[in-house]
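See below for the structure under consideration.
Note on naming: letters A, B, ... go to the chains in the order of the sequence lines (proteins, then strands), and numbering restarts at 1 for each one.
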Amino acid sequence: MYRTHTCGELRLENIGTPVTLAGWVQTVRKFGSITFVDLRDRYGITQLLFGEALNPQLDDQPLGREFVIQVEGTVTERSNKNKNIPTGDVEITVSKFTILNKAQTPPFTIQDDTDGGDELRMKYRYLDLRRNIVRQNLELRYRVNRAARNFLDSKGFMDIETPFLIKSTPEGARDFVVPSRMNPNEFYALPQSPQTFKQLLMVSGYDRYYQIVKCFRDEDLRADRQPEFTQIDCEMSFVEQEDILNNFEEMLKYIFKEIKGIEFKDAFPRMTYDHAMEFYGNDKPDIRFEMKLVNMNDTVKGNGFKVFDEAELVVAICAKGCAEYTRKQLDELTEWVKRPQIGMTGLIYARYGADGSIKSSVDKFFDESKLKGWAEKTGAQPGDLILVLAGKEERTRKAMSELRLEMGERLGLRNKDVYAPLWVVDFPLFEYDEEDKRWVAKHHPFTSPKPEQISWMDDLSKYGNIKANAYDIVLNGTEVGGGSIRIFQRDLQEKMFAALGMDEEEFNHKFGFLLGAFEYGAPPHGGMAWGFDRLCALLGGSESIRDFIAFPKNNSGRDVMLDAPSAIDQKQLDELQIALK
RNA sequence: GGACUAGUAGUUCAGGUGGUUAGAAUAAUGGAUUGUCGAUCCAUAGGUCACGGGUUCGAAUCCCGUCUGGUCCGCCA
């Protein structure tokens with residue numbers, strides 16, 4: 001046995017106990033004839049004292065940072081206690097030590113405020129993972145995982161694994177593809193999600209399924225997107241949307257209570273997709289603060305100001321208490337909206353002074369009484385600032401959504417310790433793909449339309465109006481989960497495929513197995529999938545999911561530690577019958 | 001596919017407008033030190049200024065290209 005205790009557990013009550021510890025050398029503090037060593041493992045840090053008798057041995061066998069050592073000794077009370085660490089009342093008076101393994105000096109310091117940059121820490125991820133902060137993130141992830149499993153288990157959900165080597169479908173995200181050696185010129189795809197499998201499990205009668213499972217999408221990455229990510233994937237039979245929302249709202253409440261000690265007493269608010277788009281400009285509103293978008297078309301048009309008169313949409317927000325913004329700050333905001341990522345040509349503003357006067361950047365076209373109308377429309381009070389954008393509807397709404405978030409950030413309204421969950425419901429069934437000039441599924445092609453709108457699928461002009469029984473759970477402006485009631489009848493599913501532009505041959509080829517299954521007694525069903533990494537990041541107060549993944553990839557999809565992806569041997573290519581371009 | 005940003009000692013960074021020998025902190029190494037816990041003090045060593053090309057009498061600095069990291073737009077049912 002290498003150790004009798006961990007480095008985190010010894011306390012005053014252990015005084016006098018002979019112990020053996022093993023761990024990593026955090027620091028060595030040498031004082032002539034005595035030496036202190038901080039010994040670290042996953043559980044904590046314990047101070048070792050090499051006294052006068054043993055100290056000379058350290059001259060022959062010097063200890064360096066990150067050496068792995070084993071020590072025997074006795075737990076003793078410290079004369080100078082350290083209140084900053086749990087084991088700070090005691091130290092181990094060492095009688096014997098063994099160097100189990102030497103270590104090179106690490107390229108960055110293994111401590112909370114490390115000097116290492118991102119790149120280096122990713123390359124030596126196994127060292128980065130030794131750091132408290134990173135370890136705590138992984139511990140949080142594990143606890144969230146346990147909480148989700150506990151909850152789902154208590155509700156009778158059954159964890160069933162589904163395959164990773166499956167069939168490629170062109171819908172949705174790009175597939176990662178795996179060549180098949182035994183079937184030359186053919187390829188598996190890695191699942192973007194276990195969607196069809198969980199539906200087949202419903203057909204098989206496993207009416208409550210879940211899985212915490214990897215999904216793969218070959219698309220460009222972001223701080224909150226990885227090519228392989230983890231979902232809490234769930235599906236239920238004989239349920240309506242209301243049942244699913246209630247069940248998973250309870251799950252999120254349970255997770256919050258277990259992980260953060262936060263109790264949500266009230267039901268989560270719900271908002272329709274249309275409402276979210278109109279008043280927040282996006283389908284995942286951050287409702288920690290108001291600052292709603294106000295459509296100004298009727299208020300401002302027809303005053304001879306071309307920018308407004310020619311715009312599809314004029315939209316405003318009211319920034320509370322910002323009337324005193326300086327010209328410099330407003331210019332900066334203007335520059336901000338003119339960045340290519342936002343893409344507006346300018347920003348119009350009106351300051352509602354504390355004295356009741358209103359001054360705008362377009363006084364030439366709008367006198368004070370007209371500007372009072374702006375204030376009335378936006379709910380601005382003396383002391384507030386009205387910000388206005390105008391232009392093409394979609395771009396302008398989107399830009400204002402971004403500006404709203406930016407203003408929320410600047411005004412400190414996006415406190416990461418405040419959690420505001422929200423259901424967004426009634427998503428559209430379809431959206432129009434401008435590039436391909438066709439209608440595509442907004443959620444996925446297995447999503448059920450609102451039953452009363454099914455007949456609209458025969459009328460192309462109504463496609464944009466059809467709503468689905470589809471919903472997202474949004475937390476602080478981040479989509480952390482989503483799902484839908486599924487189609488479970490063959491004829492409706494065929495109708496859906498046809499609406500998406502597939503002919504009979506095509507959908508039979510791609511989804512014949514599902515259509516076939518629907519002919520053998522498919523129950524009504526629905527479910528949802530949670531972005532597990534994002535949920536962990538939110539609970540951990542971080543923007544980046546990489547902090548919560550043991551071995552993440554960078555934003556080019558590379559694993560810089562392994563240096564993957566990489567070229568493969570010609571022999572491997574030959575076996576796969578693949579020729580490189 | 002595109003935009004922005006960064007790359008200087010092991011590491012984190014500083015090095016207006018081009019100009020002598022490229023600095024600091026930290027880590028490392030050696031020495032001193034019996035109560036530290038971010039130990040302290042003294043000393044030492046440490047540089048392909050990412051890479052390639054160009055402008056110039058002269059480039060870490062200016063220009064072009066490439067690579068790498070990060071953030072974002074497009075994309076991600």
Side-chain angles (χ1 to χ4, degrees), chain A residues 26-40 45-52 55 59 62 64-66 76-85 87-89 91 93 104-124 127 169-175 192-193 195-196 215-227 229 338-343 395 398-399 402 427-431 433-435 439-447 468 470 472 479 482-484 496 500 529 531 543-544 546 553-558 560 563:
Chain A
Q26 176 78 27
T27 52
V28 177
R29 295 182 294 276
K30 200 162 174 284
F31 281 83
S33 58
I34 66 165
T35 300
F36 298 104
V37 172
D38 286 344
L39 192 67
R40 185 198 69 236
I45 282 181
T46 297
Q47 176 166 287
L48 310 177
L49 171 65
F50 291 74
E52 284 180 79
N55 197 48
D59 295 333
R65 284 162 53 201
E66 302 306 314
T76 35
E77 183 168 5
R78 291 204 204 180
S79 55
N80 287 337
K81 298 195 166 87
N82 183 350
K83 292 194 179 66
N84 299 320
I85 58 173
T87 62
D89 288 341
E91 63 195 359
T93 304
Q104 284 189 43
T105 303
F108 53 88
T109 56
I110 312 291
Q111 55 196 41
D112 291 358
D113 52 341
T114 183
D115 58 5
D118 288 339
E119 197 175 350
L120 205 60
R121 286 177 18 234
M122 280 306 175
K123 185 169 176 190
Y124 298 92
L127 296 180
T169 54
E171 289 285 317
R174 226 173 263 118
D175 284 320
Q192 297 172 26
S193 82
Q195 182 59 35
T196 49
C215 304
F216 306 86
R217 292 176 192 176
D218 186 8
E219 296 291 346
D220 287 359
L221 307 176
R222 293 285 186 279
D224 66 346
R225 269 195 246 156
Q226 286 273 298
F229 62 100
K338 285 164 93 170
R339 291 181 313 147
Q341 285 88 341
I342 304 294
R395 168 175 290 217
K398 204 167 166 197
E402 294 296 327
F427 271 78
L429 185 66
F430 299 112
E431 68 185 335
D433 184 328
E434 293 288 347
E435 203 170 314
W439 290 93
V440 298
K442 173 92 180 164
H443 184 53
H444 57 49
F446 316 108
T447 301
D472 277 357
E479 180 205 328
S484 61
M496 183 69 188
L500 296 172
E543 301 276 313
S544 175
R546 282 172 218 168
K553 292 180 176 52
N554 74 9
N555 62 357
S556 313
R558 298 200 68 86
V560 296
D563 193 24

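In this structure, the CG atom of A:Leu49 is 12 Å from the C1' atom of B:rC37, given to the nearest Å. Residue A:Ile110 contributes atom CD1, which lies 14 Å from atom P of B:rU11 at whole-angstrom precision. A:Gln47 has its CD atom 13 Å from the P atom of B:rG35, to the nearest Å. Rounded to a whole Å, the CZ atom of A:Phe50 is 14 Å from the C1' atom of B:rU36. Between A:Leu221 atom CG and B:rG2 atom C1' the separation is 16 Å, expressed in whole Å. Atoms CG (A:Asn84) and P (B:rU36) sit 13 Å apart, rounded to a whole Å. Note: CG (A:Leu48) to P (B:rC37) measures 17 Å, nearest angstrom. Between the NZ atom of A:Lys30 and the C1' atom of B:rG35 there is a distance of 15 Å, given to the nearest Å.
Considering only the side chain of A:Pro340, B:rA3 comes nearest among B:rU33, B:rA3, B:rG38. Distances were taken from every side-chain heavy atom of A:Thr105 (C-beta onward) to each of B:rC76, B:rC37, B:rA27; the shortest belongs to B:rA27. In the set B:rG10, B:rC75, B:rG38, B:rC75 carries the atom at the smallest distance from any side-chain atom of A:Glu219.
The separation of B:rU20 from B:rU5, taken at their P atoms, amounts to 28 Å, rounded to a whole angstrom. Comparing the same atom, P, in B:rG7 and in B:rU17 gives a spacing of 14 Å after rounding to whole Å. Rounded to the nearest Å, the gap between the C1' atom of B:rU33 and that of B:rU40 is 9 Å. With C1' as the reference atom, B:rG53 and B:rC67 are 15 Å apart, rounded to whole Å. Taking the C1' atom of each, B:rU44 and B:rG10 are spaced 16 Å apart, rounded to whole Å. Of the P atoms belonging to B:rA25 and B:rU61, the separation is 26 Å, rounded to the nearest Å. Using P as the reference atom, B:rA9 and B:rG23 are 14 Å apart when rounded to the nearest Å. Nucleotides B:rU21 and B:rU66 are separated by 32 Å at their C1' atoms, to the nearest Å.
With hydrogens and angles ignored, a donor-acceptor pair under 3.5 angstrom links the side chain of A:Arg78 to the base of B:rC37. Between the base of B:rC76 and the side chain of A:Arg225 there is a donor-acceptor pair shorter than 3.5 Å. Counting distance only, with no hydrogens placed and no angle test, the side-chain atoms of A:Asp220 and the base atoms of B:rC75 include no donor-acceptor pair under 3.5 Å.
Just one residue in the list A:Thr46, A:Leu48, A:Thr27 forms a side chain to side chain contact (heavy atoms under 4.5 Å, CB included) with A:Val37, and that residue is A:Leu48.
If you check every strand for non-hydrogen atoms under 4.0 Å, A:Glu479 touches nothing. Using a 4.0 Å heavy-atom criterion, one finds that A:Gly117 contacts the sugar-phosphate atoms exclusively. If you check every strand for non-hydrogen atoms under 4.0 Å, A:Leu120 touches sugar and phosphate atoms only. A:Pro106 comes within 4.0 angstrom of nothing in the nucleic acid, heavy atoms only. Within the nucleic acid shown, A:Phe31 comes within 4.0 Å of at least one base atom, counting heavy atoms only.
The side-chain heavy atoms of A:Arg558 and A:Asp563, taken from C-beta on, include a pair separated by under 4.5 Å. Looking at heavy atoms from C-beta onward, A:Asp59 lies in side-chain contact with A:Lys30 at the 4.5 angstrom threshold. Annotation: side chain of A:Arg78 is not in contact with side chain of A:Leu49 (no heavy-atom distance under 4.5 Å). Within the 4.5 Å cutoff, the side chain of A:Thr109 has heavy atoms near those of the A:Arg65 side chain. In this structure, the side chains of A:Phe36 and A:Ile34 come closer than 4.5 Å at one or more pairs of heavy atoms.
A close approach under 4.0 Å does occur between a side-chain nitrogen or oxygen of A:Lys398 and OP1 or OP2 of B:rG74. For B:rC76, the OP1/OP2 oxygens have no side-chain nitrogen or oxygen of A:Arg174 closer than 4.0 Å. Within the structure, every side-chain polar atom (N or O) of A:Arg29 is placed at least 4.0 Å from both OP1 and OP2 of B:rU36.
With a cut-off of 3.5 Å on both pairing distances, B:rU61 has no Watson-Crick or G-U wobble partner at all. In this structure, B:rG30 and B:rC42 make a Watson-Crick or G-U wobble pair, each of the two defining distances being under 3.5 angstrom. Within the shown strands, B:rU71 is the pairing partner of B:rA3 under the Watson-Crick or G-U definition, both distances less than 3.5 Å.
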**OP:** Spell out protein contact along nucleotides 66-71 of chain B as letters: B when the base is contacted, S when just the sugar-phosphate is, - when no protein heavy atom is under 4.0 Å; keep the 5' to 3' order.
**Re:** --SSBB
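Of the possible polar contacts, none joining the A:Arg546 side chain to the A:Asn554 backbone as a donor-acceptor pair under 3.5 Å is found. Judged by distance alone, the side chain of A:Asp175 and the main-chain N or O of A:Thr169 form a donor-acceptor pair under 3.5 Å.
Checking A:Asn55 against A:Thr35 by side-chain atom types alone, a donor-acceptor pair falls below 3.5 Å. No hydrogens or angles considered: nothing links the side chains of A:Gln111 and A:Arg40 as a donor-acceptor pair under 3.5 Å.
Each of A:Pro445 and A:Asp113 lies near RNA chain B, and the nucleotide nearest A:Asp113 is the one positioned closer to the 5' end. Nucleotides of RNA chain B nearest to A:Ile34 and A:Ala173 differ in position, and the one nearer the 5' end is that of A:Ile34.
Remark: ring of A:Phe36 overlaps the six-membered base ring of B:rU36 in a stacked fashion, centroids less than 5.5 Å apart, planes less than 30° apart.
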